[in-house]
Amino acid sequence: MCLTRHCQRINCPTNSIDCQSSPLRITYHQLNFKTNIITPAQIFRIGPSPVYSGDNIVISIIKGNKEGYFSTRKLNSFTGAIYLQRKVGEPKEFLIDVEMKLLRQGTFTSFLSRIYVFITSSKM
């Protein structure tokens, strides 16, 4: 099922390892910042909804961070954050894929956030 802002896997055949290891949901986000943003800056938070006692997440940037502008931090057992680590001196576009693996009741489920980051000139 695909909507404007996210796609969700409905079900998988029990014998399809590829399908079962693919993200349950892919969500798209667009973020805009000026070149004069103070760094490091928390630019995005991620976590499951709803949250249950015992939930635990692992977050990582799996694509789009070759230049090392971004990092992840775990804020608590069920919330993570993406940071812009260093100044971007000129207008630039990024597309980063952030994976959240949720451990809930002994089972891992994967979620993907595809984040478009636009850095625009701070000069008007």
- Task: Treating Ile, Leu, Val, Met, Phe, Trp and Tyr as nodes and any side-chain heavy-atom pair under 4.5 angstrom as an edge, say whether L24 and V98 lie in one connected cluster.
- Result: yes
- Message: With clusters defined by side-chain heavy atoms of hydrophobic residues (ILVMFWY) lying less than 4.5 Å apart, directly or transitively, does I115 cluster with F94?
- Response: yes
- Task: Spell out, yes or no, whether L31 and L84 are grouped together once hydrophobic residues are joined by side-chain heavy atoms under 4.5 Å, including indirect joins.
- Result: yes
- Message: I need the minimum non-hydrogen distance between I26 and P23, along with the two atoms involved.
- Response: CG1-CB, 4.2 Å
- Task: For residues F118 and F33, establish whether the separation of their ring centroids is below 6.0 Å.
- Result: no
- Which atom names give the shortest non-hydrogen contact between Y69 and N65, and what distance separates them? N-OD1, 3.1 Å
- Hey, does S77 have a side-chain heavy atom less than 4.5 Å from the side chain of N56? yes
- Query: Which residues satisfy the side-chain hydrogen bond (donor to acceptor under 3.5 Å, both in side chains) test with T79, sequence neighbours excluded?
  - Reply: N76
- Message: Using the rule that Ile, Leu, Val, Met, Phe, Trp and Tyr join whenever any side-chain heavy atoms are under 4.5 Å apart, tell me whether V58 and L75 fall into a single cluster.
- Response: no
- Task: Applying side-chain hydrogen bond (donor to acceptor under 3.5 Å, both in side chains), name anything that partners Y116, two or more places apart in sequence or on another chain.
- Result: none
- Item | Those residues that, when tested against S71, pass side-chain hydrogen bond (donor to acceptor under 3.5 Å, both in side chains) (two or more places apart) | Q85
- Note on the structure: Rounding to 0.5 Å, atoms OG1 (T109) and CD (Q105) come to a distance of 10.5 Å
- Task: Please examine the side chains of T27 and F111, heavy atoms only from C-beta on, and report whether any two atoms are closer than 4.5 Å.
- Result: no
- Item | salt bridge (Lys or Arg N to Asp or Glu O under 4.0 Å) pairs, two or more places apart, involving residues 95-111 | D55-R104, D97-R114
- Please indicate whether L95 has more than 12 foreign heavy atoms, meaning atoms of other residues, nucleotides or ligands, lying under 6.0 Å from its CG. yes
Distance-only donor-acceptor pairs under 3.5 Å for side chains of residues 44-54, two or more places apart:
none

- Task: With side chain to side chain contact (heavy atoms under 4.5 Å, CB included) as the test, would you mind laying out the steps for H29 and S113 before giving the verdict?
- Result: CA-CA 7 Å; H29 306 273; S113 290; 3.8 Å; yes
- Query: Once you round to the nearest 0.5 Å, how far does CD1 of I96 lie from CD1 of I43?
  - Reply: 5.5 Å
- Note on the structure: The reported gap from OG1 in T120 to NZ in K123 (rounded to nearest 0.5 angstrom) is 12.5 Å
- Query: According to a 4.5 Å side-chain heavy-atom criterion applied to Ile, Leu, Val, Met, Phe, Trp and Tyr, with indirect links allowed, do L112 and F78 form part of one hydrophobic cluster?
  - Reply: no
- Sidechain-backbone polar pair: T35 side chain, S121 backbone, donor-acceptor under 3.5 Å: no
- Message: Per the salt bridge (Lys or Arg N to Asp or Glu O under 4.0 Å) rule, what does the pair list look like for residues 71-95, sequence neighbours excluded?
- Response: E67-K92
- Rounded to the nearest 0.5 Å, what separation is found between the CD1 atom of I57 and the CZ atom of F108? 11.0 Å
